[in-house]
Protein chains: 2
Amino acid sequence: MATRRDDILDVAKEIFAERGVKATTVRQIGARAGMVSGSLYHHFGSKLDMVDAILHALCDEILARYEEIAVSTDDAVERLRRFARYAFSLVADQRAALVVFYNEARYLVKDARFSYLNGFDRRIEGYWSDAIDAGVAQGRIRADIDTRLFYRVIRDTIAGAVDWYGPKDRPIEDVADTFIGILLYGILVHDGDRAVPQS
Amino acid sequence: MATRRDDILDVAKEIFAERGVKATTVRQIGARAGMVSGSLYHHFGSKLDMVDAILHALCDEILARYEEIAVSTDDAVERLRRFARYAFSLVADQRAALVVFYNEARYLVKDARFSYLNGFDRRIEGYWSDAIDAGVAQGRIRADIDTRLFYRVIRDTIAGAVDWYGPKDRPIEDVADTFIGILLYGILVHDGDRAVPQS
DNA sequence: GTCTATAAACTGATAGAC
DNA sequence: GTCTATCAGTTTATAGAC
């Protein structure tokens, strides 16, 4: 049962992603939703309330799924792979909402009502960091890896993918596997110990 | 000789990076530059002219340096390292301008006057792709690497770094070396062929 | 639940004095 | 080169009819 409210949110999500929240006018949202701007205010108190509804739903969904994956396997490397596959699947399935999140969160968090976005970021980083630490403890991942930088590579690559990934690209699961493959194995040719870090 | 015009651009750059171009008002720029908004129009024709001046200077500087690095060594892996070090150095030295570029280019290019940003992007990707291809030809880089995705990892990690890197972090050269180390060698422990890709 | 109409504030930009 | 003053357009949001 897609309510009218949900229809409006879907429309708003797309336009926010296209033009940015600040550059999107309530008139544009109304026009594409089939009503005048004033009518939107029967469903929402303000433009930012729409942004809030979009991002709250997104964060709740993502956190719930990360928790499921976190407890789904003890194999740390396999857990990294599952996180990556899920995160990239969102690039295809929740593109618009992710664009809004990645492009606008940095401005939105200045407003106290959006400070939960910081908490969301911290918890997601925690899931990845825990998997990396577990991989080190299991002797699979090099102990000298900079966990924070490694997480940044992952986060920022996924954030960037919402801008370049499209339907004509390979299936998103392939992209995820290729990506995690690069991070796990590196790009160098391995013969003997030629590919072992110098330092 | 820092002209008045340059002073204004430095101020505009910072505010554009803080709040986004659309959300920045000419009154804010004027206030921080020590003049009323109307006075800005003696130096610039419009707000977008300021954005253009900022991004044009940035692109010119970056392209010139990439070209120097491209011809500085034939060793493809070393060239990747030098590109990475330079790109990360910009995160520290040109933070504000880079934030504007990475956050706003996707909206700006809809305006024909900013279409040069697409050309800039293509040329930078070309420098990286050429180095990767050369590395494959030299037998140093695995031939099955997805060049485009590999470049995306690099580009998006650097784009993301402008948001998290700060003065209290390690020197930016260390970050660059650690980053390129992850991409070259991967994060897995190498013993025997345990770390060799399955596929 | 959607409309018309409009208030109230803000925005980029200009004209002309100094 | 900066100011005062202001225009013309746009924006979010509200009030009240239907």
Side-chain angles (χ1 to χ4, degrees), chain A residues 1-56 96 100 103-105 107-114, chain B residues 1-56 96-97 100 103-114:
Chain A
M1 53 156 202
T3 67
R4 203 72 247 266
R5 191 187 139 95
D6 292 333
D7 293 341
I8 296 170
L9 281 183
D10 281 343
V11 163
K13 211 184 293 185
E14 290 297 331
I15 312 184
F16 287 152
E18 267 173 46
R19 321 172 62 97
V21 169
K22 179 75 188 185
T24 299
T25 70
V26 292
R27 281 174 174 82
Q28 292 169 331
I29 298 172
R32 211 183 287 186
M35 63 181 70
V36 298
S37 61
S39 303
L40 295 170
Y41 290 85
H42 176 75
H43 303 275
F44 300 94
S46 71
K47 188 171 82 164
L48 275 188
D49 280 357
M50 299 186 210
V51 180
D52 191 33
I54 291 165
L55 293 182
H56 239 118
V100 177
N103 290 350
E104 313 280 350
Y107 307 122
L108 293 171
V109 290
K110 289 171 187 165
D111 184 339
R113 72 183 295 193
F114 286 104
Chain B
M1 54 157 201
T3 67
R4 202 72 246 268
R5 192 186 138 96
D6 292 333
D7 292 341
I8 295 170
L9 280 183
D10 282 342
V11 163
K13 210 183 295 184
E14 291 295 331
I15 311 185
F16 288 151
E18 267 172 46
R19 321 172 62 98
V21 169
K22 178 77 187 181
T24 299
T25 70
V26 291
R27 282 171 175 80
Q28 291 168 333
I29 298 171
R32 212 184 287 186
M35 62 182 67
V36 297
S37 61
S39 303
L40 295 170
Y41 289 85
H42 176 75
H43 303 275
F44 300 94
S46 70
K47 187 171 84 166
L48 276 188
D49 280 357
M50 298 186 210
V51 179
D52 192 34
I54 292 166
L55 294 182
H56 239 117
V100 177
N103 291 348
E104 313 280 348
R106 74 174 63 80
Y107 308 121
L108 293 172
V109 290
K110 290 171 187 164
D111 184 340
R113 72 182 295 192
F114 286 103

Measure the spacing between CZ of A:R27 and CG of A:L40 and express it to the nearest 0.5 Å.
-> 11.0 Å

Please round to the nearest 0.5 Å and tell me the distance separating atom CG of A:L48 and atom CE of A:M50.
-> 9.5 Å

Distance col, row B:F114:CZ vs B:E104:CD, nearest 0.5 angstrom, shows 10.0 Å

Interface residues of residues 3-18 of chain B with DNA chain C (non-hydrogen, below 4.0 angstrom) = none

Who pairs with B:D7 by salt bridge (Lys or Arg N to Asp or Glu O under 4.0 Å), at least two apart in sequence or on another chain?
-> B:R4

side-chain contact (heavy atoms from CB on, under 4.5 Å) evaluation trace for A:Y107 with B:N103 = CA-CA 11 Å; A:Y107 307 122; B:N103 291 348; 3.3 Å; yes

Listed once per pair and sorted, the salt bridge (Lys or Arg N to Asp or Glu O under 4.0 Å) pairs that draw on residues 43-56 of chain A, sequence neighbours left out = A:D49-A:R113, A:D52-A:R113

Say you draw a straight line from NE2 of A:H56 to CD1 of A:I54; how long is it, rounded to the nearest 0.5 Å?
-> 13.0 Å

Looking only at heavy atoms, which two atoms of A:A23 and A:Q28 are closest? And how far apart?
-> O-OE1, 3.7 Å

Can you list, by residue number, the residues of residues 19-45 of chain B that have a non-hydrogen atom closer than 4.0 angstrom to DNA chain C?
-> B:T24, B:T25, B:V26, B:R27, B:G38, B:Y41

Which nucleotide of DNA chain C is the first, and which the last, in the 5' to 3' direction, to come under 4.0 Å of a heavy atom belonging to chain B?
-> C:dT11 to C:dT14

Side-chain atoms of residues 14-21 of chain A: list all donor-acceptor pairs with protein atoms under 3.5 Å, sequence neighbours left out, distances to 0.1 Å.
{"unit_1": "A:E18", "atom_1": "OE1", "unit_2": "A:R32", "atom_2": "NH2", "d": "3.4"}
{"unit_1": "A:E18", "atom_1": "OE2", "unit_2": "A:R32", "atom_2": "NH1", "d": "3.2"}

Please report the closest heavy-atom contact between B:I8 and B:H43, naming both atoms and the distance.
-> CD1-CD2, 3.5 Å

